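See structure below.
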Amino acid sequence: MEKLNVERLKNSLDYLQSKQRELKRQNEEDTRTLESLIKYLKKDMIDQYKLTKYDLYIKQDVKDTETFINSVQKIIEDNQ
């Protein structure tokens, strides 16, 4: 992965993590909008950075955001 793409992926991951923290803080309030945004972000990251080239199982991780975040962090570490 190119250095520029690794940096962009880091930024995308930071944004995803901030939305995940926001979702956790909202407890029982209406979280559908945040959940939709997080789902879209994960799909977009997979497509934009072609993450399946680096982790064959990342599409399975999409359902669990924490696992997805960990997988992307590992991809970043491996490509720095």
Side-chain angles (χ1 to χ4, degrees):
M1 185 179 293
E2 294 178 24
K3 188 172 181 93
L4 176 62
N5 281 341
V6 171
E7 290 301 315
R8 290 177 50 218
L9 180 57
K10 280 183 186 177
N11 292 336
S12 296
L13 181 61
D14 289 343
Y15 184 69
L16 175 62
Q17 288 172 315
S18 72
K19 292 302 169 189
Q20 180 68 9
R21 286 189 299 271
E22 188 177 332
L23 179 65
K24 287 180 179 179
R25 278 194 306 264
Q26 285 197 346
N27 293 337
E28 294 181 17
E29 293 177 31
D30 187 13
T31 58
R32 286 176 292 188
T33 303
L34 264 178
E35 289 169 348
S36 295
L37 176 62
I38 288 171
K39 183 179 177 182
Y40 171 78
L41 282 171
K42 291 186 287 187
K43 183 184 178 321
D44 185 56
M45 287 171 71
I46 288 172
D47 293 342
Q48 183 175 355
Y49 301 104
K50 298 175 180 35
L51 296 180
T52 53
K53 278 178 55 176
Y54 305 96
D55 183 346
L56 297 175
Y57 303 105
I58 198 151
K59 283 196 176 187
Q60 295 171 0
D61 297 341
V62 163
K63 293 177 184 169
D64 179 25
T65 302
E66 295 299 324
T67 304
F68 180 82
I69 288 170
N70 291 331
S71 296
V72 173
Q73 286 174 329
K74 178 149 180 28
I75 291 171
I76 290 171
E77 289 170 9
D78 291 347
N79 285 281
Q80 283 190 326

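Since this is a predicted model, take the numbers as computed values, not measurements.
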Side chain to side chain donor-acceptor pair (under 3.5 Å) involving Glu66 - partner list, sequence neighbours excluded: Gln20, Lys24
In this structure, CG of Asn5 is separated from CD1 of Ile76 (nearest 0.5 Å) by 11.0 Å
Decide side chain to side chain contact (heavy atoms under 4.5 Å, CB included) for Ser18 and Tyr15; before the verdict, give the C-alpha distance in whole Å, the side-chain angles of both, and the deciding distance to 0.1 Å. CA-CA 5 Å; Ser18 72; Tyr15 184 69; 4.1 Å; yes
Donor on one side chain, acceptor on other, Lys42 and Thr65, under 3.5 Å: yes
Met1 to Asn79 - nearest heavy-atom pair and separation: N-OD1, 3.5 Å
Residues, nucleotides or ligands: over 12 heavy atoms within 6.0 Å of Glu2 CD: no
Go through the steps to decide whether Leu23 and Glu35 satisfy the test side chain to side chain contact (heavy atoms under 4.5 Å, CB included), and finish with yes or no. CA-CA 7 Å; Leu23 179 65; Glu35 289 169 348; 3.8 Å; yes
Which distance, rounded to the nearest 0.5 Å, do you find between the CG of Leu41 and the CD1 of Ile46? 11.5 Å
Minimum-distance pair of heavy atoms, taken over all atoms of Tyr54 and Tyr49: CE1-O, 3.8 Å
Return yes if a side-chain donor-acceptor contact under 3.5 Å exists between Arg8 and Asn11, otherwise no. no
Is the shortest distance from a Lys or Arg side-chain nitrogen in Lys10 or Glu7 to a carboxylate oxygen in the other one below 4.0 Å? yes
Using only atom types and a distance under 3.5 Å, with no angle test, would you say the side chain of Lys19 pairs donor to acceptor with the backbone of Ile38? no
Checking the side chain of Asp44 only, and the main-chain atoms of Tyr40 only, is there a donor and an acceptor separated by less than 3.5 Å? no
Please round to the nearest 0.5 Å and tell me the distance separating atom CD1 of Ile58 and atom NZ of Lys74. 11.5 Å
Could you measure the distance from the CD1 atom of Ile75 to the CG atom of Asp55? Nearest 0.5 Å is fine. 5.0 Å
Distance col, row Leu51:CG vs Leu9:CG, nearest 0.5 angstrom, shows 5.5 Å
Can you measure from CD (Gln60) to CZ (Phe68) and round to the nearest 0.5 angstrom? 13.0 Å
